[in-house]
*Asks:* 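Next up is a structure, given as structure tokens.
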Amino acid sequence: MFLPGGPGVLGALCLCAVFNTVDSGMLFPQESSSREVKELNGLWDFRADKSPNRNQGFERAWYKSRLAETGPVIDMPVPASYNDITQDPSLRDFTGWVWYEREVVVPARWVADEGTRVVLRVGSAHYYSIVWVNGVKVTEHEGGHLPFEAEIGSLIRKDPTTPCRITIAVNNTLTLKTLPPGTIQYMSDRTKYPDGFFVQNIYFDFFNYAGIHRPVLLYTTPKAYVDDITVVTDFLDNTGLVKYTVSVQGATTATLKVTLMDKDRHCVASSSDQSGVLKVVDVKLWWPYLMHENPGYLYSLEVRQSQTFLPRSTQDVYTLPVGIRTVNVTSTQFLINNKPFYFHGVNKHEDSDIRGKGLDWPLIVKDFNLMKWLGANSFRTSHYPYAEEILQMCDRHGIVVIDECPGVGIKDIRSFGNASLTHHLAVMDELVRRDKNHPSVVMWSVANEPAAEMPPAEYYFKTLIKHTKGLDPTRPVTYITDSNYARDKGAPYVDVICVNSYFSWYHDPGHLEVIPIQLNTQFENWYGKYHKPIIQSEYGADAVPGLHSDPPMMFTEEYQNVVLQKYHDVFDQKRKQYVIGELIWNFADFMTAQGITRVVGNKKGVFTRQRQPKAAAFILKERYWRLANETGILPPWTKYPCSL
Ligand code: BDP
């Protein structure tokens with residue numbers, strides 16, 4: 001028996017894997033006077049390995065020559081999920097290895113200059129990736145939502161006359177030890193299933209889109225370079241404090257110049273130390289959207305590092321956006337800059353027609369416009385880390401983020417074992433390394449709806465949360481629960497209780513009248529037991545757009561409206577006490593696996609998958625702008641109700 005990408009393939013490769021290490025930085029690539037970026041987005045050659053054991057690509061070493069020489073190839077856009085690009089159902093539902101290839105012309109000066117590091121970076125590829133350059137393996141990476149990279153300068157210098165051929169094999173197989181977990185199930189009854197028939201089981205409610213989802217690029221740095229920067233911010237009265245640490249690679253001694261600039265590029269503080277605290281007089285704090293008239297204020301921290309390699313000297317320049325703000329949690333409040341912050345926001349997915357989970361700028365900007373139109377001040381990255389480009393937008397627009405790792409669907413007791421935990425800790429390392437400097441990120445979520453009542457959950461979450469706090473002592477940590485308050489093993493360790501509930505939907509379907517009592521009981525029980533602030537991290541109902549019924553029936557727009565209104569009535573009582581937020585499930589309809597409870601995807605969006613409003617969007621918009629009026633300061637350019 002084999003598993004596509006399981007013991008036969010993925011397992012064997014793992015033995016020699018370069019495991020995801022976080023001993024170096026993962027700064028977002030940017031151009032500067034010392035750095036260049038070359039995007040490799042566009043069309044790549046592509047082939048799915050449909051051989052019975054999905055292993056032909058390795059057996060025949062497809063990475064050694066041009067992919068087109070070893071078999072047929074098709075055009076595949078990058079970034080995009082491959083699933084919805086063709087008319088081929090076997091590619092939409094494919095499990096196993098797919099192969100991408102692209103030849104790149106590397107600028108001659110990059111090749112000629114031995115002092116230039118050339119780094120190949122993949123924003124994300126789902127789920128397991130192996131990368132070769134001109135047939136030589138340069139890296140591999142486990143995990144579908146975080147970046148990975150490899151320095152390839154010496155390889156491309158080997159033979160400067162050949163173009164640089166990049167091959168990336170990506171395997172979307174999920175096992176009990178991956179994050180998210182899944183299982184491969186073989187059907188051996190030959191009276192029912194053809195030879196070799198298997199299915200990928202998943203325990204989460206979104207389509208397992210796969211492929212290269214975020215930009216691939218080459219970027220350069222000098223040999224001695226700024227590898228990482230960490231900032232932690234605070235303020236005292238009118239003075240902002242930016243505690244920073246710079247890590248430099250490729251040089252034992254480096255001369256540094258660290259300059260903090262305001263929006264007008266005026267220097268407000270500077271230093272020449274590798275770490276220290278910069279003081280900003282008359283600080284402009286980073287505020288959330290709708291909480292301040294000037295939300296999302298960002299300073300720029302320019303790090304200039306110079307080095308003399310006789311006979312010449314080199315310089316590396318990297319500029320990090322910095323928002324100065326604090327986050328604190330009390331037993332009843334979530335404080336940003338010491339002021340109570342109420343999350344009125346959404347849960348999202350990276351999901352759209354045709355491109356699946358592929359990064360798409362028009363979609364990103366449209367979603368931000370819709371969130372601002374709604375009056376949403378926050379979202380949760382359900383159920384995995386989103387693209388850095390999205391977090392950068394959040395920083396600039398003041399949209400507050402609960403940053404979630406891909407720990408979704410941890411339901412099987414075997415996924416609480418040591419191997420799973422070790423991987424989960426490593427993913428948190430990578431996530432915190434990538435997102436630690438975003439002012440918009442105010443809390444880490446380590447999982448969604450795990451089987452938190454199972455006995456091993458206590459050790460698992462205690463360890464995971466402690467580890468995450470060790471990585472970042474400045475932000476609260478949570479996981480999202482749907483478990484019973486009395487049986488939830490991890491809740492004692494979280495800073496904020498985040499609860500998902502679907503009264504009158506999954507429980508007592510059709511009985512809208514139970515919502516007030518059940519929701520009230522939910523809040524009282526959790527608060528009574530833990531005395532921690534609570535976010536309603538999911539609630540909602542499916543509505544097929546255009547389906548109507550009065551009195552309301554499930555799946556109509558009217559039913560979705562009433563569910564929302566009934567939840568809102570209870571939120572309005574409890575938000576004066578200890579409920580600190582409400583995040584609708586979901587911002588938009590999204591694709592799921594096929595099943596009897598899903599009509600071409602999950603329809604709990606207040607927008608359709610094409611981003612058109614259902615009736616519920618207008619209910620939410622009324623409410624969010626009213627909440628903003630009550631709890632924040634509306635920016636001068638907005639009128640209530642806002643019409644952007
Ligand atoms: C919640 C899950 C979410 C689902 C939602 C639903 O966290 O991923 O999509 O239920 O069923 O429990 O709509």
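Order of listing sets the numbers, starting from 1, for every ligand and every atom in it. Small disclaimer: the values here were computed from a predicted structure and weren't measured.
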*Asks:* Who pairs with Asn83 by side-chain hydrogen bond (donor to acceptor under 3.5 Å, both in side chains), at least two apart in sequence or on another chain?
*Replies:* none
*Asks:* One line per pair, note the atom names and distance for all nitrogen or oxygen contacts under 3.5 Å between ligand 1 and the protein.
*Replies:*
| from | atom 1 | to | atom 2 | distance (Å) |
| --- | --- | --- | --- | --- |
| ligand 1 | 7 (O) | Asn448 | ND2 | 2.9 |
| ligand 1 | 7 (O) | Glu449 | OE2 | 3.4 |
| ligand 1 | 7 (O) | Glu538 | OE1 | 3.1 |
| ligand 1 | 7 (O) | Glu538 | OE2 | 2.8 |
| ligand 1 | 8 (O) | His383 | NE2 | 2.6 |
| ligand 1 | 9 (O) | Asp205 | OD2 | 2.5 |
| ligand 1 | 9 (O) | Trp585 | NE1 | 3.1 |
| ligand 1 | 9 (O) | Asn602 | ND2 | 3.4 |
| ligand 1 | 11 (O) | Tyr506 | OH | 2.3 |
| ligand 1 | 11 (O) | Arg598 | NH2 | 3.1 |
| ligand 1 | 12 (O) | Glu449 | OE1 | 2.7 |
| ligand 1 | 12 (O) | Glu449 | OE2 | 2.5 |
| ligand 1 | 13 (O) | Tyr506 | OH | 3.4 |
| ligand 1 | 13 (O) | Trp585 | NE1 | 3.4 |
| ligand 1 | 13 (O) | Asn602 | ND2 | 2.8 |
| ligand 1 | 13 (O) | Lys604 | NZ | 2.6 |

*Asks:* Is the count of non-hydrogen atoms from other residues, nucleotides or ligands lying under 6.0 Å from Ile517 atom CD1 greater than 12?
*Replies:*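 It does not: Ile517 CD1 has 12 such atoms or fewer within range.
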*Asks:* When you look at Phe555 and Trp505, which way does the ring-ring contact (aromatic ring centres under 6.0 Å, His included) test go after all the steps?
*Replies:* CA-CA 10 Å; Phe555 292 100; Trp505 193 260; 4.9 Å; yes
*Asks:* Partners of His531 by side chain to side chain contact (heavy atoms under 4.5 Å, CB included), sequence neighbours excluded?
*Replies:* Tyr527
*Asks:* What salt bridge (charged side-chain N to carboxylate O under 4.0 Å, His left out) pairs are there with at least one residue in residues 374-389, not counting sequence neighbours?
*Replies:* Arg121-Glu388, Arg380-Glu404, Arg380-Glu538
*Asks:* Ring centres of Phe587 and Phe607 under 6.0 Å apart?
*Replies:* yes
